[in-house]
Amino acid sequence: MAKNLTKEVLEDWLENVRPLARDGKVADYIPALAKQDPDELAVAVYDLNGECVSAGNLVCCFTLQSISKVFSLALALMDNGEEYVFDRVGMEPTGDPFHSIYRLEQHAPSKPLNPMINAGALAVTNMIHGATPDEKVGRLLSFIHEMTDDQSIRYNEDVAVSEFQTAYLNRSLCYYMKQHGVIEGSVEENLDAYTKQCAIEVNIHHLARIGAIFANDGKDLESGRQIIPRHLARICKTFMVTCGMYDASGSFAIRVGIPAKSGVSGAVVGSVNGFGGIAVYGAALDEKGNSVVGLKLLELLANRYDLSIF
């Protein structure tokens with residue numbers, strides 16, 4: 001573990017940034033997420049030796065939301081290979097909001113710019129092998145079980161249903177891409193898989209451990225087994241740098257400078273080669289959809305321990 005990084009240090013930082021939660025708001029456009037408590041905060045740092053230091057509410061669970069896009073991308077790449085995936089989804093960052101349809105209309109043949117925006121993530125979920133939505137989600141859950149060493153992880157049914165019932169814009173994105181041959185099969189089934197994927201529920205230790213596995217180039221921390229091929233883990237981390245924080249990815253790279261991915265539940269995962277995984281949680285979001293408290297905690301950690309990759 002990094003020198004002087006203790007539970008007491010994390011607890012002190014957590015209390016210092018706690019007032020920032022008042023500067024954001026929970027993602028109330030998803031009814032189930034509107035019930036989240038912005039005062040529930042957590043942080044965990046999981047180093048490459050398998051040691052974890054954490055503070056805050058360590059038992060609360062939260063849904064992955066857009067963080068799941070990194071894991072679904074890794075699985076789709078393992079299922080299909082790079083050429084197949086990137087024939088259908090691009091590699092370029094965008095300054096547009098994560099739910100924008102604008103670039104699909106500009107970029108023939110309606111190929112999403114990258115896998116971290118909603119259009120790209122919906123196309124990636126469509127590529128995961130499985131005959132049914134539950135089979136696809138089951139394979140993604142098994143992948144997460146393998147990375148966390150916890151078979152109990154499931155998706156939150158209430159959140160999944162809430163997202164599915166209100167996913168009008170994501171339906172539009174799917175139908176637009178289906179019209180142009182980017183996705184195949186049933187739009188409703190693809191959306192079913194995607195909303196369940198986003199509703200997978202973890203705690204702060206789970207998320208930090210997954211971040212550490214990506215930091216370890218896809219190797220399990222205990223057995224050394226290669227869960228994700230090294231070059232695919234690196235591809236995922238590159239997308240985390242260029243596209244992981246929605247349309248705030250550029251400013252985040254300057255201020256923090258680590259590969260990271262956020263979700264509108266208020267969770268953020270960071271992955272730093274040679275250091276480990278960092279997970280933060282605070283449900284109050286800024287106008288870009290990133291956790292207000294989480295961003296500040298990551299900035300404190302990156303500056304204190306010189307974690308920027310730049």
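Residue pairs meeting the side-chain hydrogen bond (donor to acceptor under 3.5 Å, both in side chains) criterion with at least one member in residues 16-27, sequence neighbours excluded: Glu15-Arg18, Lys25-Asp28.
Side-chain N or O atoms of Lys219 include none that pairs as donor or acceptor with a backbone N or O of Gln226 at under 3.5 Å. With Asn190 contributing its side chain and Asn126 its backbone, the two residues share a donor-acceptor pair below 3.5 Å. Of the possible donor and acceptor atoms, none in the side chain of Thr125 sits under 3.5 Å from a partner among the backbone N and O of Leu122. For the pair Ser162 (side chain) and Asp158 (backbone), a donor-acceptor distance under 3.5 Å is absent.
Using a 4.5 Å heavy-atom cutoff, the side chains of Leu41 and Tyr281 are not in contact. Between Asp217 and Lys237, the closest side-chain pair of non-hydrogen atoms falls below 4.5 Å. Under the 4.5 Å side-chain criterion, counting only non-hydrogen atoms from C-beta, Asp150 is in contact with His206.
No side-chain donor-acceptor contact under 3.5 Å links Tyr155 and Thr195.
Cluster membership check: Ile228 shares its hydrophobic cluster with Leu48, using side-chain heavy-atom separations under 4.5 Å among Ile, Leu, Val, Met, Phe, Trp and Tyr. Linking Ile, Leu, Val, Met, Phe, Trp and Tyr whenever their side-chain heavy atoms come within less than 4.5 Å leaves Val26 and Val159 in two separate clusters.
Counted within 6.0 Å of CD on Glu157, heavy atoms from surrounding residues, nucleotides or ligands total 12 or fewer; the atom is thus considered open.
With sequence neighbours left out, the salt bridge (Lys or Arg N to Asp or Glu O under 4.0 Å) criterion links Glu40 to no other residue. Ala208 meets the side chain to side chain contact (heavy atoms under 4.5 Å, CB included) test with Ala44, Tyr46, Ala279; sequence neighbours excluded. For Tyr168, there are no side chain to side chain contact (heavy atoms under 4.5 Å, CB included) partners two or more places apart in sequence or in a different chain. Among residues two or more places apart in sequence or in another chain, the side chain to side chain contact (heavy atoms under 4.5 Å, CB included) test is passed with Thr132 by Asp134, Glu135.
Clustering of Ile, Leu, Val, Met, Phe, Trp and Tyr side chains at separations under 4.5 Å places Val241 together with Ile309, Phe310.
For the pair Lys261 and Tyr246, the distance from NZ or CZ to the six-membered ring centre is under 6.0 Å and the angle to the ring normal is within 45 degrees. Both cation-pi conditions hold for Arg171 and Phe164: the charged atom is under 6.0 angstrom from the six-membered ring centre and inside a 45 degree cone around its axis. In this structure, Arg88 forms no cation-pi arrangement with Phe86, as its terminal cationic atom is not both closer than 6.0 Å to the ring centre and no more than 45° off the ring axis.
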Can you list the steps and then say if Ser186 with Glu188 is a side-chain hydrogen bond (donor to acceptor under 3.5 Å, both in side chains)?
CA-CA 5 Å; Ser186 164; Glu188 291 300 298; over 6 Å; no
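The residues Arg225 and Asp220 are annotated as not salt-bridged, no charged nitrogen and carboxylate oxygen being separated by less than 4.0 angstrom.
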